[in-house]
*Asks:* 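Sharing a structure with you now.
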Amino acid sequence: MVQIIPIRTRLANAYLLIGQRAVLVDSGSAHSADRIVAALKQAGLELSALSLIVQTHAHYDHCGSTAELKRLSSVPVAVHQSEQNELEHGKNAAVVPVDWMGYLTRPFVANQYEGVVADVLITDELDLRPYGVAASVIHTPGHTPGSVSVITDGGDAIAGDLLGGGWMYGLLLPERPRYHYFVADLAAVRSGIRRVLEYSPTRIYVGHGGPLETQAVVRWFARKIG
Ligand SMILES: [Zn+2]
Ligand SMILES: [Zn+2]
């Protein structure tokens with residue numbers, strides 16, 4: 001069984017997955033390492049228990065503290081191969097506004113974060129069992145070309161920015177599903193949502209707001225594509 005511990009950072013959620021060891025999904029915005037170490041401590045773990053950091057995608061609010069954590073613990077970092085270059089150079093993958101919130105907030109999107117060299121390159125799937133957590137990473141592009149989601153054997157999903165939770169990046173109605181304000185490829189996002197739903201997750205954790213109840217996502221998605 002995998003325990004999921006959400007960690008709120010200044011801009012995005014990071015998630016600790018705890019099994020025999022611990023995997024961190026995203027590191028949040030810059031200067032979030034302390035919060036992540038504190039969350040590990042609260043779970044009775046040291047930073048050395050971290051076996052991997054999985055980046056759902058290379059956006060500054062999801063990789064902002066990865067370089068710092070790697071410096072502190074030498075933990076390996078996994079990213080989809082198509083965003084390896086952005087992660088290394090601290091650049092954002094695609095940021096394509098699709099609605100007024102996207103256009104409104106695009107000018108405030110930081111274009112630089114501390115880059116880090118990835119150790120593990122994800123293609124279509126990555127099994128996290130060798131890292132001590134019963135879960136798999138699957139490629140769910142669309143928000144950016146290299147976006148991935150994590151499906152745990154306990155039946156939960158962590159979908160990064162494939163889906164959003166609520167308005168104002170989760171400040172209002174965080175449990176309400178929506179598309180993210182930035183979508184590079186809507187058809188791919190829809191395929192990604194279908195791919196996640198095929199696993200019938202109990203709950204879908206997202207990068208902003210959430211968690212989302214799967215039935216709420218199913219109903220919302222049926223209206224969106226109907
Ligand atoms: Zn993003
Ligand atoms: Zn985000």
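Since the structure is predicted, the reported quantities are computational estimates derived from the model, not experimental observations. Counting from 1, the numbers follow the sequence of the chain as shown. Just follow the structure's listing: the first ligand is 1, and inside any ligand the first atom is 1.
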*Asks:* Name whichever N, O or S atom of H62 ends up nearest to the Zn ion (ligand 2).
*Replies:*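 So the atom name we want here is NE2.
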*Asks:* Tell me, which N, O or S atom in D161 is closest to the Zn ion (ligand 1)?
*Replies:*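 Nearest N/O/S atom: OD2.
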*Asks:* Write the atom name of the N, O or S atom in D61 that is nearest the Zn ion (ligand 2).
*Replies:*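 So the atom name we want here is OD2.
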*Asks:* Roughly how far apart are F221 CZ and T214 OG1, rounded to 0.5 Å?
*Replies:*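 Going from the CZ atom of F221 to the OG1 atom of T214 covers 13.0 Å.
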*Asks:* Taking all atoms of both residues into account, what is the closest heavy-atom pair of S51 and V23, and its distance?
*Replies:*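 Residues S51 and V23, closest heavy atoms: OG-CG2, 3.6 Å.
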*Asks:* Please check if atom CZ in R10 has more than 12 non-hydrogen atoms from other residues, nucleotides or ligands closer than 6.0 Å.
*Replies:*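 Not more than 12 within 6.0 Å, no.
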*Asks:* Quickly, which of H143, E86, E83 forms a side chain to side chain donor-acceptor pair (under 3.5 Å) with H57? Name it, please.
*Replies:*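 Passing option: H143.
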*Asks:* With the Zn ion (ligand 1) at the centre, find the angle made by NE2 from H57 and NE2 from H143, to 10°.
*Replies:*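 About 100°, to the nearest ten degrees.
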*Asks:* What N/O/S atom of H59 is the closest to the Zn ion (ligand 1)?
*Replies:*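 Looking only at N, O and S atoms of H59, the one nearest the Zn ion (ligand 1) is named ND1.
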*Asks:* W167 vs Y181 aromatic rings, parallel, tilted or perpendicular, using cut-offs 30° and 60°?
*Replies:*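 Because their plane-to-plane angle lies in the 30° to 60° range, the rings of W167 and Y181 count as tilted.
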